[in-house]
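Worksheet: one structure, shown below.
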Amino acid sequence: MELDPGTVSIIQLAWSRLLGLDDDALASGPDRLYAVDDDASVLTFVSLFGREVLSGPGWAVEAGRAMASTELRSHSTLLTLSREHGGRGLGEAQLYFCDDLPRLEGPPAVVSGEASFVRELERRCPPDDVAEAGLSTVEHPFVLVDRDDPAAPLAGAGYDIWQGILAHVTVITPPEERHKGYAGRVAAVAVEHAMAAGLVPQWRARTDNTASQRTARRAGFSFAGTQTSVLLGA
């Protein structure tokens with residue numbers, strides 16, 4: 001599934017702003033761009049629709065200019081580059097976007113945004129998954145509820161709004177409820193809600209999380225690039 005050129009332009013605008021570049025930077029110009037911010041707390045390398053951006057303090061940007069794309073996409077490269085500056089792992093991720101309304105198969109999904117359902121869902125999930133998804137902190141959460149047992153939520157999704165343009169979607173499912181299609185159903189609800197608000201849904205999946213990547217594609221998202229980042233400082 002390919003994204004509409006207009007959607008691509010909107011995504012490029014949002015990410016140009018996120019990375020501290022001119023609004024049209026990712027839509028034209030050289031294949032690799034550099035954004036210098038000596039006060040940056042994150043060093044990140046983004047590849048999006050064939051263009052690349054290395055963003056971070058001047059010392060990192062200068063060191064990265066001579067490096068190949070394959071090197072900068074590697075989390076270990078950025079960790080090595082930032083070791084003397086307190087670099088700590090955030091990881092490598094794939095970026096996905098969609099601009100088609102999702103298809104909701106089966107009976108209407110029963111969802112709730114109540115905090116009690118979010119808390120119960122997170123209680124049923126591994127701590128690392130809870131921390132990565134951050135469902136209890138997103139602006140717009142949705143929890144898929146079992147009609148017969150509302151006390152046992154099946155999956156959750158939600159989104160934060162980035163730059164007033166992107167809906168950054170997150171999904172979480174308890175281990176015992178995986179591989180049943182619940183993540184895709186609740187993700188579709190979040191995507192539909194975001195698109196109704198005029199936003200472009202964005203999905204970020206770790207490169208080692210093949211389940212998240214599959215769910216993104218099943219939910220109608222298209223691969224657009226990668227992001228590799230490390231935190232800086234003590």
Side-chain angles (χ1 to χ4, degrees), residues 11-23 25-26 30-97 127-135 137-139 158-172 200-213 215-216 221-234:
I11 296 167
Q12 290 171 326
L13 167 63
W15 271 91
S16 291
R17 292 177 177 177
L18 284 166
L19 294 167
L21 301 168
D22 291 339
D23 284 357
L26 285 172
D31 290 340
R32 183 184 290 182
L33 300 162
Y34 301 92
V36 176
D37 178 0
D38 288 325
D39 296 322
S41 59
V42 176
L43 170 62
T44 188
F45 180 73
V46 174
S47 174
L48 196 62
F49 302 114
R51 285 196 167 84
E52 303 169 349
V53 182
L54 179 62
S55 175
W59 54 263
V61 170
E62 287 307 309
R65 288 181 184 272
M67 295 183 178
S69 304
T70 51
E71 293 179 278
L72 292 173
R73 276 197 296 269
S74 169
H75 193 222
S76 60
T77 297
L78 295 194
L79 283 173
T80 300
L81 189 63
S82 60
R83 182 174 297 150
E84 295 181 0
H85 299 267
R88 305 188 306 284
L90 284 177
E92 300 176 41
Q94 297 182 352
L95 298 172
Y96 297 82
F97 302 89
D128 287 349
D129 291 355
V130 172
E132 182 179 357
L135 189 64
T137 65
V138 300
E139 298 172 66
Y159 67 88
D160 281 325
I161 301 174
W162 288 15
Q163 297 294 318
I165 296 172
L166 303 176
H168 184 66
V169 177
T170 186
V171 177
I172 187 170
V200 176
Q202 169 183 279
W203 189 298
R204 185 167 57 191
R206 295 194 320 269
T207 53
D208 61 352
N209 192 339
T210 55
S212 180
Q213 295 162 26
T215 302
F221 283 75
S222 299
F223 174 78
T226 63
Q227 180 184 16
T228 306
S229 304
V230 296
L231 281 170
L232 302 173

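In this chain, numbering begins with 1 at the start of the sequence shown. Just so it is clear, the model here is predicted, and its values are computed rather than measured.
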Take L54 and L43, measure what side-chain contact (heavy atoms from CB on, under 4.5 Å) needs, and give me the verdict at the end. CA-CA 8 Å; L54 179 62; L43 170 62; 3.9 Å; yes
Between D23 and R17, does the side-chain contact (heavy atoms from CB on, under 4.5 Å) criterion hold? Intermediate values first, please. CA-CA 6 Å; D23 284 357; R17 292 177 177 177; 3.1 Å; yes
In Å and rounded to the nearest 0.5 Å, what is the [atom1] to [atom2] distance from [X] to [Y]?
X    : Y    : atom1 : atom2 : answer
E71  : S76  : CD    : OG    : 9.5 Å
N209 : E132 : CG    : CD    : 6.0 Å
R88  : L78  : CZ    : CG    : 14.5 Å
L231 : L79  : CG    : CG    : 10.0 Å
D22  : S16  : CG    : OG    : 8.0 Å
F45  : L81  : CZ    : CG    : 12.0 Å

If you compare all heavy atoms of [X] against all heavy atoms of [Y], which two are closest, and at what distance to 0.1 Å?
X    : Y    : value
V46  : T44  : CG2-OG1, 3.9 Å
L72  : G64  : CD1-O, 3.8 Å
P30  : R51  : O-NE, 3.6 Å
L90  : H75  : N-NE2, 3.3 Å
Y159 : A167 : CD1-CB, 3.6 Å
A133 : I172 : CB-CB, 3.9 Å

Knowing that exactly one of Y96, F97, W203 qualifies, which makes a ring pair (Phe, Tyr, Trp, His ring centres under 6.0 Å) with F221?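 Between F221 and the candidates, ring pair (Phe, Tyr, Trp, His ring centres under 6.0 Å) is satisfied uniquely by W203.
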Could you give me the CA-CA distance, side-chain angles and deciding distance for T226 and E92, then say whether side-chain contact (heavy atoms from CB on, under 4.5 Å) is met? CA-CA 7 Å; T226 63; E92 300 176 41; over 6 Å; no
Could you check whether any side-chain N or O of Q12 sits under 3.5 Å from a backbone N or O of A25, counting only pairs where one atom can act as donor and the other as acceptor?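 Not a single qualifying donor-acceptor pair exists.
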Quick check: does any side chain N or O of E139 sit under 3.5 Å from a backbone N or O of I161, one acting as donor and the other as acceptor?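 The answer is yes, because a donor-acceptor pair under 3.5 Å joins these two groups.
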Could you work out, with ring-ring contact (aromatic ring centres under 6.0 Å, His included) as the rule, every residue matching H168, not counting sequence neighbours?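 H168 satisfies ring-ring contact (aromatic ring centres under 6.0 Å, His included) with W162 only.
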Report yes if some heavy atom in the side chain of L232 is under 4.5 Å from a heavy atom in the side chain of S41; otherwise report no.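 Contact flag for L232/S41 side chains = no.
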Say whether W15 and Q202, considering side chains only, have a donor N or O and an acceptor N or O under 3.5 Å apart.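 Per modelled atom types, W15 and Q202 side chains form a pair under 3.5 Å.
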Pick from Q94, R204, R73: which one makes a side chain to side chain donor-acceptor pair (under 3.5 Å) with Q227?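 Considering Q94, R204, R73, a side chain to side chain donor-acceptor pair (under 3.5 Å) with Q227 is found only for R204.
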